[in-house]
Amino acid sequence: MNKNDSYQRLPGNGKSPETSLLQVEDLNAWYGAAHILHGVSLTVGRGEVVALMGRNGAGKSTTLKSIAGLVDRTQGSVRFQGRRIDGQPPYRIARAGLGYVPEDRRIFTDLTVRENLEVGRQPPRRWQDGQSVPLWTPERLFALFPNLGEMPDRLGGRMSGGEQQMLTVARTLMGQPCLVLLDEPSEGVAPLIVQQMARTISELKAQGLGILLSEQNLPFAQAVADRACVLEQGRIVHTGPMAGLTVF
Ligand code: ADP
Ligand code: MG
């Protein structure tokens, strides 16, 4: 079965004939009185990688945080596997199978690599159609991130920024997500880590996960993404195939 075809035909909720893994419609977000997102709409399907592109301050992180339930004041709808998740607390959104990797790597510096992974562990999960979501274990993650496999007992605080970045992604995968939000995975890490991150994203895609990543690095986005959504001042100004995007 072609994974890219399957998500369009998941049972809908009656309102929308096509149900993607993630459907964001007319999302608005505020910090205090500052209106940051203005009617953002986007979708991510199973096995699809969507890059949210835009300059500093465009609203990329705010979009991901809003989806993850971390912005206090939002309006609009966010559907995940056909169910509304907007307005739910972050822990419920995470438990529904939506993984979020923030910009600042929030690993536990006084826990080891293996302990950090255990903190993220959640039970196995099924897709809406009943199929099992591929199960992540520390062993599988160590195969995916060989650097981490070489240092299972290293304290988080004694790792490089890039290694911490990988550990954050690996810990999120221990939550067995169906979709992962990645906030600027290539930012501030060494080229070798960027390459490994790109391989990881391709692997997740191959497993049928959906990925929404925010990026300012066009070559990186071109290497991994199927589609691009371009944000400018909190508005989506372009959506289309990644291949067609040369500037943003
Ligand atoms: P990006 O991730 O694209 O760089 P952000 O979503 O971080 O953009 O920021 C979008 C806008 O929201 C910017 O103008 C930024 O200054 C503002 N902003 C971000 N976080 C906060 C916050 N916690 N409080 C107030 N304003 C914020
Ligand atoms: Mg940001």
Side-chain angles (χ1 to χ4, degrees), residues 22-44 49-78 80 85-91 93-94 98-107 161-162 164-169 171-172 177 179-191 193-194 197-198 200-201 204 210-240 242 245-248:
L22 180 73
Q23 268 181 312
V24 176
E25 268 172 43
D26 199 20
L27 182 64
N28 287 260
W30 291 259
Y31 294 118
H35 191 174
I36 305 294
L37 297 184
H38 303 264
V40 168
S41 296
L42 57 88
T43 63
V44 182
V49 181
V50 177
L52 190 58
M53 312 286 299
R55 296 192 182 84
N56 245 339
K60 302 182 296 298
S61 296
T62 303
T63 302
L64 301 189
K65 282 183 196 164
S66 298
I67 295 168
L70 295 162
V71 175
D72 288 341
R73 188 175 162 210
T74 63
Q75 244 175 41
S77 73
V78 181
F80 179 55
I85 58 166
D86 48 274
Q88 293 195 9
Y91 76 89
I93 294 174
L98 200 148
Y100 167 60
V101 180
E103 233 169 342
D104 49 340
R105 304 142 191 150
R106 288 183 212 154
I107 55 149
Q164 292 185 347
Q165 176 83 322
M166 289 189 175
L167 182 54
T168 313
V169 175
R171 191 183 57 194
T172 301
L179 182 131
V180 184
L181 307 173
L182 284 173
D183 202 348
E184 299 214 35
S186 77
E187 200 210 359
V189 296
I193 307 272
V194 173
M197 204 60 79
T200 303
I201 290 170
L204 301 183
I211 295 175
L212 177 61
L213 60 108
S214 90
E215 257 317 323
Q216 296 191 58
N217 178 339
L218 186 58
F220 179 81
Q222 282 169 333
V224 298
D226 302 299
R227 280 195 300 122
C229 297
V230 180
L231 262 182
E232 243 176 63
Q233 298 183 340
R235 291 181 171 83
I236 300 272
V237 294
H238 170 85
T239 298
M242 193 68 233
L245 191 73
T246 50
V247 287
F248 66 91

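In what follows, every heavy atom counts, from backbone to side chain, and hydrogens, waters and symmetry copies are set aside. Both ligands and their constituent atoms are indexed starting at 1 by order of listing.
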Engineer: Could you give the distance from CD (Q233) to CZ (R55), rounded to the nearest 0.5 Å?
Structural biologist: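 Nearest 0.5 Å value for the CD-CZ distance: 9.5 Å.
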
Engineer: Would you check if R106 and R171 make a side-chain contact, meaning some heavy-atom pair closer than 4.5 Å?
Structural biologist: yes

Engineer: At a threshold of 2.8 Å, where the distance has to be below it, does the Mg ion (ligand 2) have an N, O or S atom of N56 nearby?
Structural biologist: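 Of the N, O and S atoms in N56, none lies under 2.8 Å from the Mg ion (ligand 2), which means no.
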
Engineer: So is R55 in contact with ligand 1, going by heavy-atom distances below 4.0 Å?
Structural biologist: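 It does; at least one heavy atom falls under 4.0 Å.
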
Engineer: What's the spacing between W30 CH2 and D72 CG if we round to 0.5 Å?
Structural biologist: 12.5 Å

Engineer: Among protein heavy atoms, which lies nearest atom 27 (C) of ligand 1, and at what distance?
Structural biologist: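 For this ligand atom, the closest protein heavy atom is Y31 CD1, 3.2 Å.
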
Engineer: If we ignore hydrogens and angles and just use 3.5 Å, is the side chain of K60 paired with the main-chain N or O of G54 as donor and acceptor?
Structural biologist: yes

Engineer: Measure the distances from the heavy atoms of G54 to every atom of ligand 1 and state whether one is below 4.0 angstrom.
Structural biologist: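 For ligand 1, residue contact (heavy atoms, under 4.0 Å) with G54 is absent.
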
Engineer: In the complex you have, is atom 16 (O) of ligand 1 within reach of the protein, judged by whether a heavy-atom distance drops under 4.0 Å?
Structural biologist: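 So atom 16 (O) of ligand 1 lacks protein heavy-atom neighbours under 4.0 Å.
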
Engineer: Taking atom 5 (P) of ligand 1 as the point of reference, which of T62, I36, L231, D183 owns the nearest heavy atom?
Structural biologist: T62

Engineer: Any protein heavy atom at under 4.0 Å, with atom 13 (C) of ligand 1 as the reference point?
Structural biologist: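 It does; a protein heavy atom is within 4.0 Å.
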
Engineer: For atom 8 (O) of ligand 1, find the nearest protein heavy atom and state the residue, atom name and distance (0.1 Å precision).
Structural biologist: G59 N, 3.1 Å

Engineer: What I want to know is whether S61 and ligand 1 share at least one N or O pair that is separated by under 3.5 angstrom.
Structural biologist: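 Yes - when backbone and side-chain N and O of S61 are compared with those of ligand 1, one distance drops under 3.5 Å.
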
Engineer: Taking 4.0 angstrom as the limit and counting only heavy atoms of N56, give me the atoms of ligand 1 inside it, by number and element.
Structural biologist: 4 (O)

Engineer: Just verifying a value: how many Å separate L179 CG and L212 CG, rounded to the nearest 0.5 Å?
Structural biologist: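 With rounding to 0.5 Å, CG (L179) is 7.0 Å from CG (L212).
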
Engineer: Is the closest heavy-atom distance from G57 to ligand 1 below 4.0 Å?
Structural biologist: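 G57: in contact with ligand 1 (<4.0 Å).
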
Engineer: Output yes when the distance from some N or O of ligand 1 to some N or O of K60 is under 3.5 Å, and no in every other case.
Structural biologist: yes

Engineer: Let me confirm one number: the CD1-CZ distance from I85 to F80, rounded to the nearest 0.5 Å.
Structural biologist: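 These two atoms lie 6.5 Å from each other.
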
Engineer: Less than 4.5 Å apart, any side-chain heavy atom of L52 and any of I236?
Structural biologist: yes

Engineer: Is the shortest heavy-atom distance from the side chain of D183 to the side chain of P102 under 4.5 Å?
Structural biologist: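 Sidechains of P102 and D183: no contact.
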
